[in-house]
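Residue numbers start at 1 and run along the sequence shown.
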Amino acid sequence: FIFFYARSGFPNRYAQLASQEVLALNLGSNPCLLEDKKLAVPPACYDSGRHDNKFVLWGDSHASAIAPVLQRKVEADGYSFSSILHSGCPPLIGAARYDAGNPSSYKVCLEFNQRALHAILSDPDIKVVALASYWASTFDPQGTQQLVSADVGPLKRRDDASSLKLLDDSLRRTAKVLLDAHKKVVVFNDSPSFQIQPIWRMRTSQIRLRKRLWDALGGSGDPAPGL
């Protein structure tokens, strides 16, 4: 048993699945994605040296999800790649996402984004800034999350029309500041979400026992991400 555990099972029996498992683990972790009250971007994630063409990805965990593919693309086009990422923080000026489960998080986001903006504006080598986020989370029908302005803070409930206007105004303001600093701005739409768990389907398609155990333990449908 110890031998099997040390070898992570028999990866040679499922060579394709084993390589996919490694990719799945890598997708779930990004050392450049800050959490909680962390504000300092790791040095390895931000190119502070001189480079004629720098590309910066600024956003939240949904931005982190597209970072690996985006990095390969921009580096192939001759840019250096940096990422400024914080979970739950859309890349906006003057607004932040409020989470009722973590009431102080929006203040962290406001400060983080001010630092991010300062770093970007202070670096003339940055030519392109990509803004990516889970924009739709600011319209949570359950009311547990909402977009709040820096000068007003959380409200009991912000209707969708005012939330949309605040998002539009703050996103336009953010883009204008960057454009005025002679940066090219690219705004990414929401990353697609799935009702199923593709990685779970991949894992159980080749090892049926995993699915049978899930069913035997009373699971219904696909498990939550991370299981």
Hey, quick one: are L179 and L171 part of the same hydrophobic cluster, counting side-chain heavy atoms closer than 4.5 Å, chains of contacts allowed? yes
If you group Ile, Leu, Val, Met, Phe, Trp and Tyr by side-chain heavy-atom gaps below 4.5 Å, do L131 and V128 land in one group? no
Do D47 and S80 pair up side chain to side chain, a donor and an acceptor below 3.5 Å, judged on atom types alone? yes
Over all heavy atoms of both residues, which pair between G94 and L110 is shortest? Give the atoms and the distance, please. C-CD2, 4.3 Å
Worked check of side-chain contact (heavy atoms from CB on, under 4.5 Å) between D77 and F55: CA-CA 10 Å; D77 290 341; F55 184 108; over 6 Å; no
From I93 CD1 over to T174 OG1, what is the distance, rounded to the nearest 0.5 angstrom? 4.0 Å
H86 side, atom NE2; E35 side, atom CD - distance, nearest 0.5 Å: 7.5 Å
Heavy atoms of G88 and D60 approach each other most closely as N-CB, 3.9 Å
Is there a donor-acceptor contact under 3.5 Å from the side chain of D125 to the main chain of R50? no
If you count heavy atoms of other groups shown closer than 6.0 angstrom to OH of Y46, is the number above 12? yes
Is there a chain of hydrophobic side chains (I, L, V, M, F, W, Y, each step under 4.5 Å between heavy atoms) that links L178 to V56? yes
Check the side chains of N113 and W58 for a donor-acceptor pair under 3.5 angstrom, ignoring hydrogens and angles. yes
Could you measure the distance from the SG atom of C109 to the NZ atom of K37? Nearest 0.5 Å is fine. 12.5 Å
Between the OG atom in S83 and the CD1 atom in I66, the distance rounded to the nearest 0.5 Å is 11.0 Å
Same cluster or not: are L167 and F112 linked, directly or through other Ile, Leu, Val, Met, Phe, Trp or Tyr residues, by side-chain heavy atoms under 4.5 angstrom apart? yes
Any heavy-atom pair between the side chains of S61 and L33 that's under 4.5 Å? yes
Note: A67 and L57 closest approach over all heavy atoms is CB-CD2, 3.8 Å
From OH (Y79) to CD (Q71), nearest 0.5 Å: 15.0 Å
Quick one, V108 and L39 - any side-chain contact, counting heavy atoms below 4.5 Å? yes
Main chain of I126, side chain of K183: is a donor-acceptor contact present, judged purely on distance under 3.5 Å? yes
What's the shortest heavy-atom distance between A175 and V185, and which atoms? O-CG2, 4.0 Å
For I84, run the side chain to side chain contact (heavy atoms under 4.5 Å, CB included) check against V129, L117, I120 and tell me which one passes. I120
Hey, are D169 and R173 close enough for a salt bridge, meaning a charged N less than 4.0 Å from a carboxylate O? no
Can you see which heavy atom on R97 is nearest to which on C89, and at what distance? NH1-N, 4.3 Å
Taking the inter-plane angle between the rings of Y98 and Y106 on a 0 to 90° scale, is it parallel (under 30°), tilted (30 to 60°) or perpendicular (over 60°)? perpendicular
In sequence, state the C-alpha distance, the side-chain angles, and the governing distance for K73 and V69, and then conclude on side-chain contact (heavy atoms from CB on, under 4.5 Å). CA-CA 6 Å; K73 170 60 178 173; V69 173; 5.6 Å; no
State, yes or no, whether a side-chain contact exists between H62 and S133 at a heavy-atom distance under 4.5 Å. no
Looking at every heavy atom in both S170 and L147, which two are closest together, and how far apart are they? OG-CD2, 4.4 Å
Spacing of S149 atom OG and K165 atom NZ [to the nearest 0.5 Å]: 11.0 Å
Pair K107-E111, side-chain contact (heavy atoms from CB on, under 4.5 Å): steps then yes or no: CA-CA 6 Å; K107 295 181 179 180; E111 183 176 352; over 6 Å; no
